[in-house]
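Beneath this line is the structure, given in structure tokens, with notes to follow.
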Amino acid sequence: MTETPIRLTVNGVPRTGQCVVRKLLVDFLREDLALTGTHVGCEHGICGACTVLVNGQAARSCLMLAVQADGAEITTVEGLMQNGALHPLQAAFRRHHGLQCGFCTPGMLLTALDLLRVKPDPTEAEIREGLSAVLCRCTGYHGIVKAVQAAAPELRAAAPWPDRRSP
Amino acid sequence: MASGSWIGRSVERVEDGRLLTGRGAFIDDHPPVSNLSHAAIVRSPHAHARIRGWDASAALAMEGVVGVITGRDVAASCKPFGVGVTAPVHYYPAATDKVRFVGEPVAVVVARDRYLAEDAAEAVVVDYEVLPAVVDPEKALEPDAPILHEAVGSNLAGHRRLVYGDPDRAFAEAEVIVRERFRFPKYASTPIETYGVIARWDGLDGVLTVWSNFMGPFIMHPLVARVLGLPENRLRFIVPPDIGGSFGIKSSIYPYLALIGLAAMKLGVPVKWIEDRREHLLASSSGTDRVAWREVAARNDGTIVGMRFKWFDNVGGYIRSPEPGCSFRPTGNFVGPYRFQNLEVDASVVMTNKSLTGPNRGYACGHLYFETERMIDLLAERLGLDPVEVRRRNLIDRASFPYRTPTGGLYDSGDYAATLDKALVLAKYDELRREQARARAAGRYYGIGLALAVDPSVSNMGYVATALDPQFRAKPEYLPKSGAVDSATVKIDPLGRVIAILGTTPQGQGHQTIVSQIVADELGVAPRDVTVVDEMDTFTRVWSISSGTYSSRFGSVGTSAVALAARKLKAKLVEYAAHLMGVTPGEVEFRDGGVHRTSGKATPYSIKDLAGRAHWNTESLPEGMEPGLAATAVFGFSVARAVDAEDRVNSSNTYGFIAEVMAVEVDPDTAAIKIVKYVTVHDAGTIINPMIVEGQIYGGALHGLGGALYEELAYDDDGQLLTGTFMDYLVPTASEAPDIEIAHVVSPSPLTTLGSKGLGESSSMTVPAVIANAVSDALRPLGISITELPMTPTRLHDLITRARSSASEPRPPRSGHPRPEPASPTPLQ
Amino acid sequence: MKPPRFEYHAAHSVDEAVALLGRYGGDAKVLAGGQSLMPMLNFRLARPAALVDVNRVAALAYVREDDGVVAFGAMTRQRTIEFSPMVAARLPLLREATRWVGHLPIRSRGTIGGSIAHADPSAEYPAVLTALGGEVIVQGPRGRRTVKAADLFEGYLTTSLGPEELLVEVRLPAMPAGAGYAFEEFARRHGDFAIVGIAAMVVRDGARCAVARLATAGTGPVPVRLRAAEEILERDGLGDAAVAAAGARAAELVDPDADVHASAEYRRHLTGVLTVRALKRAIAGATS
């Protein structure tokens with residue numbers, strides 16, 4: 001089968017690859033770009049484990065074709081650390097036990113980051129509503145909600161977004 | 001850092017750094033061998049059909065296809081798996097003659113990538129003769145039901161009647177008897193990471209290496225070896241460091257270890273298979289759905305004198321080991337926290353055209369306590385007593401521990417009354433009852449539920465034999481089974497750094513963190529100075545039949561092995577240092593990361609000093625001391641005994657306790673249930689890391705809530721799965737998760753090195769009971785009693801509608817307890 | 001769960017997209033936000049010969065008001081609608097309904113045109129389109145035509161669009177100033193498709209109801225405009241008795257199906273309950 005070239009920016013780095021047109025973005029990220037931090041959980045857009053930022057907005061990478069990301073800017077969990085240190089949201093997850101097995105964590109982090117960008121000072125109910133985009137089976141969400149609550153003021157102060165765009 | 005200071009602290013997790021930054025090592029992440037081919041599994045679209053034949057020719061001609069194996073190859077090359085019953089059920093890794101549930105594997109296509117493999121899988125032609133299906137366990141036992149396994153002759157995989165004490169007499173002499181019928185749904189913990197297997201066959205050496213996210217028990221290793229006809233030392237199981245959740249479900253991956261292993265052997269290429277979500281929901285594993293009949297015999301003061309359990313456990317198309325654990329895993333704690341001595345258990349294990357079952361968080365205890373705790377509330381209602389009082393009147397007394405249950409369980413420690421009291425105080429139970437009275441007066445439906453559970457951890461492998469008749473077990477050729485062991489190695493490198501090596505398969509429980517805390521305390525170092533390696537490899541780790549990370553084992557047996565290994569090593573350091581100081585070991589002590597003279601002046605030896613000397617200069621060792629600074633400990637429970645002739649067995653090794661209170665309000669217009677308060681108090685002995693422990697409780701509770709309200713693997717009458725996507729199989733989200741108030745009571749176990757017990761299954765086993773009790777209490781003015789889960793809004797709405805229309809005139813809401821007249825519950829059928 | 005083979009075309013204009021659809025004679029599918037189509041492809045429940053991706057058709061992403069009508073380019077993302085000040089001001093009912101559409105990461109990609117063309121009867125946007133009496137513009141081989149909401153939805157996942165037609169614009173009459181509105185939904189979890197959803201708008205004229213608009217999601221194969229219930233309010237006003245009567249009438253107007261989540265009877269019951277709740281909230285928010 002013929003393959004289509006793809007040029008995109010991932011975590012600020014220009015990347016190229018080529019794949020068949022039906023290849024899902026998540027498979028392209030994992031297999032072609034070796035970014036295995038993004039996980040596959042359901043391949044129908046419900047579990048949210050594969051959530052990445054596409055041009056700054058959280059989106060399911062299992063519901064996009066890799067060819068659709070040609071020219072896009074993608075942020076994956078691998079792109080969250082800054083200067084070798086955990087992003088404040090990552091640090092909050094660690095402090096508040098926001099992860100157990102860690103499989104949903106990449107999707108949770110990017111979903112939470114997007115949520116805090118559009119709602120910098122969310123209520124607990126808004127956090128829960130926002131996080132309901134990602135399924136976690138380990139934590140009962142308690143530690144995750146606490147982590148996002150704790151990170152919100154830090155992010156409001158520092159706004160260390162991977163990129164800045166309108167909602 | 002003074003010793004003893006790390007255990008009991010919420011140390012941040014070692015695991016988190018890699019998992020938060022996308023550097024985890026899950027099965028799908030890093031190919032351990034190059035040139036992998038990818039498998040797609042062809043699955044049955046029919047619930048019940050005879051296979052007339054396979055035709056893979058079209059698939060074999062397709063782009064990128066390496067090869068195909070079918071049930072024919074499986075039949076020719078494999079033995080069936082051993083099963084836990086004597087009925088002749090032939091269970092193979094793929095269907096060989098008939099399919100017995102939708103999603104059953106019938107062939108494996110291997111291709112250059114998964115996309116091409118799925119294309120070709122669609123081209124494999126299987127010729128089916130469709131047969132009538134049966135999915136309901138009661139219907140499956142009717143005389144005209146379709147028979148799944150002709151060799152068995154019926155759909156009954158096994159049946160046991162277990163009698164403890166004199167239940168007939170207890171019921172004959174009872175002042176009150178309450179009876180009820182329950183249905184418990186089929187649900188599964190659906191880890192977000194699905195199954196994954198990679199198999200490589202080294203034909204020259206005859207070694208099959210299988211990487212997978214298998215969690216144990218490693219009894220499945222010899223089982224798979226036998227199926228594939230391989231010597232055990234030619235079959236290597238490797239588990240990567242990270243597993244994306246399991247909750248029991250990944251213990252049932254083992255048929256795929258054989259199936260993908262066979263594909264690698266037959267096709268001569270390394271093969272990778274990652275289960276997709278559709279496959280997972282169709283055909284991985286779940287708990288059983290169960291129909292249960294319960295009877296409780298009591299005196300008028302609420303004292304329970306006996307119980308009768310009868311159930312049909314639906315294990316699906318085949319009985320896959322370790323089933324029928326669904327019926328027998330809780331044997332030792334069948335009586336829960338209550339003192340009664342007379343019990344009859346009539347357990348039938350039924351095969352129907354549904355997917356297969358196995359351990360799922362709380363293995364069988366969600367069923368057990370849903371039934372028992374509902375019965376306690378029904379008894380209280382019948383007697384006009386507060387449900388708290390009925391429970392209190394029957395609790396095992398603190399002075400009775402260690403307590404031997406009539407079914408053979410040995411409850412190691414506990415203070416059940418104090419734990420219940422703590423829950424009541426935390427929940428402000430009396431205030432909740434007053435709030436209920438106010439709500440009822442205002443016409444609102446507000447209810448309060450309680451649930452108590454003995455939380456068994458570290459199953460004793462011996463319980464599985466409860467499924468067999470005592471006469472069978474008495475035969476000389478029968479080998480008794482017992483045990484629960486785990487091992488750990490602690491070593492010190494030449495520069496004094498500590499490494500602990502485990503053979504466990506953690507799925508998010510934070511073993512590396514816990515072990516670093518334990519070893520830090522034992523050796524007087526900081527947790528960050530301890531490196532913990534927990535990648536299971538059957539070729540290199542010390543393991544046994546019961547190894548693995550299941551049945552809440554690690555907090556109990558795993559931690560014991562680690563502490564013992566560290567102590568062994570410490571004893572060696574002490575002996576060595578004493579030798580260097582020229583004194584006897586009795587004259588020195590280990591503290592603050594080194595060995596010191598107990599009295600008098602002498603330069604202490606740090607671990608680093610001792611390590612350097614011991615590694616670099618073996619001549620400095622005392623005579624007879626084995627060189628090297630490593631110690632392996634294998635910890636096993638002496639209380640794990642085989643089932644006795646009277647069917648008594650200590651089915652687990654440590655037993656925690658849970659007391660819960662929940663208040664709910666039901667919106668009668670939408671039938672929505674709102675959790676107003678939820679308190680859970682646990683006694684799991686010594687707590688090593690409270691943060692991790694509470695994480696287990698939060699997670700376990702939500703699994704219970706899922707089963708109680710949202711999750712069901714529902715089938716139509718033809719055996720088609722109705723909830724085969726995450727759009728229909730409803731996993732609770734953050735918006736559904738309730739606030740939980742958690743507290744602890746600590747009754748250290750006398751059986752474990754650190755006094756700790758397992759707690760991983762925790763509230764998954766109590767939430768179905770506590771919320772069913774709370775909702776029943778809320779809807780009592782309507783005469784509704786919950787006997788079936790999940791309490792979906794549509795089911796609850798039906799109950800409310802029927803109750804309202806059947807009431808000739810509306811009942812006045814009654815307030816609180818006691819309630820003099822018995823309500824007439826509306827059975828949920 | 002990998003999609004089957006298909007040919008893929010990224011169209012850059014509406015004309016190009018329509019031409020591509022024509023070339024495949026009905027065997028091509030339009031790929032808009034992909035939040036419904038991609039799952040169907042991954043499950044291999046959809047097997048189009050080709051996908052015509054309209055995500056790069058820049059001319060299809062706009063929100064503009066034109067003579068009392070708010071027009072949305074079909075590729076306007078649900079997320080854009082959620083945060084659009086114009087939508088908040090002129091179509092607050094649509095904004096409220098948007099927050100019930102999946103989750104934010106779904107709305108990042110999901111589009112208004114895609115949601116309406118997909119015609120899932122449990123979806124929120126078809127209900128709003130029906131309630132407000134909107135219309136869509138479609139372009140096909142024979143040019144453009146306008147389809148009113150009432151003529152659009154034909155059955156489960158079925159619209160009156162031809163296979164070679166592309167939905168290019170969604171048009172909703174701006175809500176009158178002071179209109180009260182509510183989108184009430186009952187779902188088993190947050191973000192799920194509705195078991196039942198009710199879109200409601202009322203325009204108050206003192207105690208009178210000048211205009212009532214009610215439509216459903218999840219109550220049958222297509223969204224249902226509850227005209228007979230609206231008429232009760234427009235005739236009897238906005239008092240509790242009229243609201244209760246409208247709710248009771250609403251329940252009679254729907255003919256829901258049963259599925260694994262809800263019985264038909266429960267859906268009918270919820271239609272009445274949620275109609276009352278939506279109306280009460282809408283009335284409370286309405287100013288004369």
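We name chains A, B, ... by the order of the sequence lines, and we start the count at 1 in each one.
For a residue to count as touching a neighbouring chain, one of its non-hydrogen atoms must lie under 4.5 Å from one of that chain's; by this rule I127(A) does not touch chain B. Residue contact with chain A, scored on non-hydrogen atoms closer than 4.5 Å, involves the backbone and the side chain of Q696(B) alike. Proximity to chain B is limited to the side chain of L109(A), based on heavy atoms less than 4.5 angstrom apart. Within the 4.5 angstrom heavy-atom criterion, atoms from both the backbone and the side chain of R13(B) approach chain A. If you measure heavy-atom distances from L86(A) to chain B, the contacts under 4.5 Å come from the side chain alone. Within the 4.5 angstrom heavy-atom criterion, only side-chain atoms of T105(A), from C-beta onward, approach chain B.
Remark: the backbone N or O of F103(A) is not paired with any side-chain donor or acceptor of E193(B) at under 3.5 angstrom. For the pair H44(A) (side chain) and F726(B) (backbone), a donor-acceptor distance under 3.5 Å is present. Side chain of Y698(B) to main chain of C138(A): no donor-acceptor pair is present (N/O by atom type, distance under 3.5 Å, no hydrogens or angles).
The candidate from A734(B), G699(B), P191(B) with the greatest count of non-hydrogen atom pairs under 4.5 Å with chain A is A734(B). For the set D242(B), T194(B), T725(B), the count of heavy-atom pairs under 4.5 angstrom toward chain A peaks at T725(B). In terms of heavy-atom pairs under 4.5 angstrom with chain A, the leader among I274(B), D276(B), I692(B) is I692(B). Per-residue heavy-atom pair counts under 4.5 Å with chain B were compared for C47(A), C104(A), C101(A), G140(A), and the maximum is reached by C101(A). For the set A737(B), P31(B), P738(B), the count of heavy-atom pairs under 4.5 angstrom toward chain A peaks at A737(B).
Annotation: side chain of D16(B) is not in contact with side chain of F93(A) (no heavy-atom distance under 4.5 Å). No side-chain heavy atom of T733(B) sits less than 4.5 Å from a side-chain heavy atom of E129(A). Counting only heavy atoms from C-beta outward, the side chains of L24(A) and Y115(B) approach each other to under 4.5 Å. Contact of the L80(A) side chain with the T21(B) side chain is not registered, since no non-hydrogen atoms from C-beta on lie closer than 4.5 Å. Taking 4.5 Å as the limit, some side-chain heavy atom of L99(A) sits within range of a side-chain heavy atom of L20(B). H142(A) is not listed as a side-chain neighbour of I740(B), based on a closest heavy-atom distance of 4.5 Å or more.
Distance SG/C42(A) to CG/L281(B): 9.5 Å, rounded to 0.5 Å.
A salt bridge does not link K23(A) to D113(B): none of the charged side-chain nitrogens sits closer than 4.0 Å to a carboxylate oxygen. A salt bridge does not link D27(A) with R114(B): every distance from a Lys NZ or Arg NE/NH1/NH2 to an Asp or Glu carboxylate oxygen is 4.0 Å or more.
Judged purely by distance below 3.5 Å, without hydrogens or angles, the side chains of R137(A) and S189(B) never pair a donor atom with an acceptor atom.
Residues of residues 31-39 of chain A lying under 4.5 angstrom from chain B, judged on non-hydrogen atoms, are T36(A), G37(A), H39(A) by number.
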### Query
Is there a side-chain contact (heavy atoms from CB on, under 4.5 Å) between N689(B) and H97(A) once you walk through the steps?
CA-CA 11 Å; N689(B) 185 318; H97(A) 198 28; over 6 Å; no
### Pair Q509(B)-Q100(A), side-chain contact (heavy atoms from CB on, under 4.5 Å): steps then yes or no
CA-CA 6 Å; Q509(B) 298 93 332; Q100(A) 289 181 25; over 6 Å; no
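Here S286(B) pairs with K186(B) under the side-chain hydrogen bond (donor to acceptor under 3.5 Å, both in side chains) rule; sequence neighbours left out.
Within the structure, every pair that satisfies the salt bridge (Lys or Arg N to Asp or Glu O under 4.0 Å) test and touches residues 34-59 of chain A, not counting sequence neighbours, is listed here: E43(A)-K2(C). Sorted by first and then second residue, the pairs that involve residues 86-99 of chain A and meet salt bridge (Lys or Arg N to Asp or Glu O under 4.0 Å), not counting sequence neighbours, are R94(A)-E12(B), R95(A)-E154(A).
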